[in-house]
Q: 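Mind having a look at this structure? Questions to follow.
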Amino acid sequence: MAEPYNHAQVEDKWTKIWEEHPVNVNDGKRPKYYCLDMFPYPSGAGLHVGHWRGYVISDVWSRYKLMNGYYVIHPMGWDAFGLPAENYAIKTGQHPSISTQKNIDNIRRQVKQIGAIYDWDMELNTTDPKFYKWSQWIFVQLFKKGLAYEKEMPLNWCPSCKAVLANEEVVDGKCERCHSEVTKKNLRQWMLKITAYADRLLDDLDALDWPEKVKKMQTDWIGRSYGAEVDFPVENRDEKITVYTTRPDTLHGATFMVLAPEHDLAKSLATDDQRDAVEKYIAEAANKSNVDRMQAKEKTGVFTGSYAINPLNGNKVPIWLSDYVLADYGTGAIMCVPAHDDRDFAFAKKFDLPIVQVIAKDGKEIENMEEAYTEAAGTMINSGEWNGMESAVLKKEAPHIVEEKGFGRAKKNYKLRDWVFSRQRYWGEPIPIIHCPKCGAVPVPEKDLPVVLPNVESYQPTDTGESPLAAMDEWVNTTCPCCGAPAKRETNTMPQWAGSSWYFLRYVDAHNNDALVDREKADKYLPVDMYIGGVEHAVLHLLYSRFWTMFLHDIGAVDFDEPFKKLFNQGMILGPKGVKMSKSLGNVVSPDDMIDNYGCDTLRMYELFIGPPQQDSAWDDSGIEGVYRFLCKVWNLVLDNKDKNAAETKDLIRLRHQLIDTVTTRLQGFNLNTVVSAFMEFNNKLSKMDVDKKTLEAYVTLLAPFAPHMAEELWQQLGHDTSVFKEKWPEADKAAMQEDTLEIPVQVNGKIRATVSVAADAGKDEVLALAKEAVKDRLTDNIVKEIYVPKKIVNIVVK
RNA sequence: GCCGGCAUGUCGGAAUGGCAGACGAGGAAGACUCAAAAUCUUUUGAUGGCAACAUCGUGUGGGUUCAAGUCCCACUGCCGGCACCA
């Protein structure tokens, strides 16, 4: 009998050996494969078994690629700037630079326990000035191309985080991170013109090998629509009000118009007798929070007293104000067609405004309309020269018709807004801009980068909308790089998303001081072939990264414009009762305990076995026991058989090739939970046999990506003095996989009634004869149909 | 409200339209043991039957097919995304 499996001993041994002799090195001969994890932010809580899952999946995939002859780029780093790190520092009373370093050290220790083939020479940290020098450099390039600009506008303000938020960071009117209600604050902020890339961000999605769900989310977020702008002259005045509509076909039905309370003309359109009411409404709207505005059940509004002229039919339409019209989408003004839009319908009902149907529903006009008819399907009515046209056709033609008539033009619009890029917090990359009274905003010259974040004692956020850096006079006061006059540094910092928007480019040239990445290395090793992480980044990080990569492509820094060819979203590991793991619920399972009790290899395999990798799964302590038992059985099976010199029987050869085929197919389909099942079934079958050495070797080789320490140990015990990871991934021989005899189920009228054994090469007639004999009691004289699906099933249909 | 996804034993889950419930967990019985743990063996969807076996069974109702967990239609429930974007 072999020594029982001692996971600690085996794993310690191979951890040391691999540290001295890494199994994945670049020999310059093999093609590259870049398999990347979304890098973690080093929180004080450390990793739980949920974080592990993605890292295990990516390591299994990396090792599989390694054994298929690739040089695998598989790096790890730390996303260490940003609010979570800073809040943790404030809570624990340590300077963020100190607590961040401590957290990184702890998480690095935990990540190393995964036993992954990470290349630690590539390790990076977004708070390292050598790294963020290049985040700043990218900002300067964006500025030079006019894609970074300053703007004063009402912004999402989180009173708890004391910082502005990008639209992407507001969820249900609340702060994505701390769930406080978001308010509006008028601030001058740095914006990045992501909208300039809206079409490319949208159109390039098609070609990406990403989950459809994520592509859909990005598509909806960008929210492109096609329609027209139409100019409505204001009665008795020189102004025109321009509206955006996706339904210019319904222009004849526009019976009133509504402006956002923030619209430039809102105040001036008020007539004398309406002035008080208008000003009151505008003031009220300004005070409403996002949440109030979103949750409004009833439409509110006020009539300005003014009228506009419908440019198509010359009708007078009253101009109203209402906060259901968004100031920052389209033109901040809409034409209202209550008969064919739910919101306009509700507004018209509430304020008793006329409703004119212009598309016939089921060929006729609706009597006593109770809800809007919103389909673009039907014949036009009440529409003058457009009467009789099909609305679906007209919808497409109308933008060009209004263009020809001279009061409108075709127009695309997007829900996507420009990216609010500055934060009023300490723990971030300083924005490399100097404000000069004469020259305006001037970028810090590239030779002076990085602008190092000064070490301050007081880094608490302020309520004023100013960064804590603003209080550091000796840092703020500088000279203008253009004219030499006294000038002030920009005191806002970048958001957490800055470093993560490009870090994946840096790993392949992590120590370069002259460029963010050497172009030759970029061409050779980039982009990322496989990106693995949680779905929570579907729009934020993944959209920002795509934007920055496209920009870097456009300025010639890299030669590709999509950073991640393939994306895989792993599901979360939930607590034992199926709820999210959290400290407050006390249901966090630490990998440290699991490793002590069962070892790294067991935890790796259990993380895979727990369920389909893309699906959330609840942690179950007795589940990991089962995997541990399995690995003990593998250990015993290999070591008990290794010196037996058992004959290589046909059965063993067949089972071996079936295993190779199953494991390879399932691995390629990312069905990793069923790969583990396949190993278990194989082990169960072999435990009753004497197993030959070739089969043992194939088994250990296939197990290597999953349980690398055990596989390496068993490989050595089988008499090898090189690493199992130098082995080529085995190939299945289809012919050897074939069974000699097959068990064929026999159905009568679709119900299984018997099973017959036939030779694998038996012909149809032979099988059918055997089948009919087996179920002869159930057959009548009237056989309607005889079906034989080769090697699968027989079905005999009788009357 | 709109747009996605999912629904299978006691539990996690498995099934290119072809034997539903692989594999694991849990349960039950047995072996070993003074005993327990560990380990090993057998068993484990429901109902009826001593048994062979039969009938039912993949959220609900219908349909296509020789054959449906799988395809189509309608519905219900849960999860996720968006949410006054004109």
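The sequence lines fix the lettering, A, B, ..., with proteins before strands; numbering per chain opens at 1.
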Q: For A/K785 and for A/S687, find the nucleotide of RNA chain B with the closest heavy atom, then tell me which residue's nucleotide is more 5'.
A: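 On the 5' side of the pair lies A/S687.
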Q: Mind checking whether A/F347 and A/F351 have parallel, tilted or perpendicular rings, split at 30° and 60°?
A: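 Because their plane-to-plane angle lies in the 30° to 60° range, the rings of A/F347 and A/F351 count as tilted.
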Q: Counting only side-chain N and O atoms of A/S322, is one of them less than 4.0 Å from OP1 or OP2 of B/C84?
A: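 Looking at the OP1 and OP2 atoms of B/C84, neither is under 4.0 Å from any side-chain N or O of A/S322.
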Q: On RNA chain B, compare the nucleotides closest to A/N413 and A/M217; which residue's is nearer the 5' end?
A: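 That would be A/M217.
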Q: When you get a sec, tell me which of B/A54, B/C56, B/G80 is the closest nucleotide to the side chain of A/R753?
A: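 Minimum distance to the A/R753 side chain belongs to B/A54.
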Q: Is B/U76 paired to anything, Watson-Crick or G-U wobble with both distances less than 3.5 Å, and if yes, which nucleotide?
A: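 Across all strands, the one nucleotide that pairs with B/U76 is B/A7.
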Q: Between A/N636 and A/Y5, is any side-chain donor less than 3.5 angstrom from a side-chain acceptor?
A: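 Per modelled atom types, A/N636 and A/Y5 side chains form no pair under 3.5 Å.
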Q: Can you find a side-chain donor-acceptor pair between A/D231 and A/T242 that sits under 3.5 Å?
A: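 A donor-acceptor contact under 3.5 Å links the two side chains.
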Q: Both distances under 3.5 Å, Watson-Crick or G-U wobble: report the partner of B/C82, or none.
A: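 Partner of B/C82: B/G1.
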Q: Which nucleotide sits closest to the side chain of A/Y329: B/A86, B/G81, B/A83?
A: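 Per side-chain heavy atoms of A/Y329, the pick is B/A86.
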Q: If you check every side-chain atom of A/R778, which of B/A86, B/G81, B/A54 has the closest atom?
A: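 Closest nucleotide among those given: B/A54.
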Q: Does A/Y324 have A/K299 sitting over its ring (NZ/CZ under 6.0 Å from centre, angle to axis within 45°)?
A: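 Yes, A/K299 lies over the aromatic ring of A/Y324.
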Q: Establish, from distance only, whether the side-chain atoms of A/Y628 and A/N597 form a donor-acceptor pair under 3.5 Å.
A: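 Judged by distance alone, the side chains do not pair up.
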Q: With a 3.5 angstrom cut-off on both distances, give the Watson-Crick or G-U wobble partner of B/A54, or none if there isn't one.
A: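 The answer is B/U47, by the H-bond criterion.
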Q: What integer distance in Å separates A/W221:CH2 from B/C82:P?
A: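 So the two atoms are 6 Å apart, to the nearest Å.
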Q: A/Y414 has an atom OH; how far is it from atom P of B/A86, in whole Å?
A: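 One finds 13 Å between P of B/A86 and OH of A/Y414, rounded.
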Q: Is A/Y324 near enough to B/A86 that one of its side-chain N or O atoms lies under 4.0 angstrom from OP1 or OP2?
A: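 No.
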Q: What integer distance in Å separates A/K395:NZ from B/A86:C1'?
A: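 Taking NZ of A/K395 and C1' of B/A86, I get 12 Å after rounding.
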Q: Without decimals, in angstroms, what is the distance between A/K751 NZ and B/U55 P?
A: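 That distance rounds to 7 Å.
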Q: Could you check which nucleotide pairs with B/U33 in any of the strands shown, counting Watson-Crick or G-U wobble with both distances under 3.5 Å?
A: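 WC or wobble partner does not exist here.
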Q: I need the CG-P distance between A/N167 and B/C82, as an integer number of Å.
A: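 Checked: the CG to P distance equals 12 Å.
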Q: Side chain to side chain contact (heavy atoms under 4.5 Å, CB included), that's the test. Do A/L672 and A/Q570 meet it? Break it down for me.
A: CA-CA 11 Å; A/L672 302 173; A/Q570 88 276 11; over 6 Å; no
Q: Please name the nucleotide paired to B/U16 by Watson-Crick or G-U wobble geometry with both distances under 3.5 Å, or report none.
A: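 Base partner found: none.
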Q: Report the distance from atom CH2 of A/W635 to atom P of B/A38, rounded to the nearest whole Å.
A: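 Computing the A/W635:CH2 to B/A38:P distance gives 22 Å.
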Q: Could you tell me whether the side chains of A/N413 and A/S225 share a donor-acceptor contact shorter than 3.5 Å?
A: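 A/S225 and A/N413 do not have a side-chain donor-acceptor pair below 3.5 Å.
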Q: Name the nucleic acid region contacted by A/K415, choosing base, sugar-phosphate or nothing; use a 4.0 angstrom heavy-atom cut-off, strictly under.
A: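 Here A/K415 touches the bases of the nucleic acid.
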Q: Tell whether A/K299 reaches the base of B/C84 with its side chain through a donor-acceptor pair below 3.5 angstrom.
A: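 Between B/C84 and A/K299, which were checked side chain against base, a qualifying N/O pair under 3.5 Å is present.
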Q: Could you run down nucleotides 8-24 of chain B 5' to 3' and tag each one B, S or - for protein heavy-atom contact under 4.0 Å?
A: ----BSS-B-BB--BBS
Q: Assess, by modelled atom type and distance only, whether the side chains of A/S757 and A/E743 contain a donor and an acceptor separated by less than 3.5 Å.
A: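 Note: A/S757 and A/E743 side chains meet the donor-acceptor criterion.
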Q: Any strand is fair game: report the nucleotide pairing with B/A38 by Watson-Crick or G-U wobble, both distances under 3.5 Å, or none.
A: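 By the stated definition (distances under 3.5 Å), nothing pairs with B/A38.
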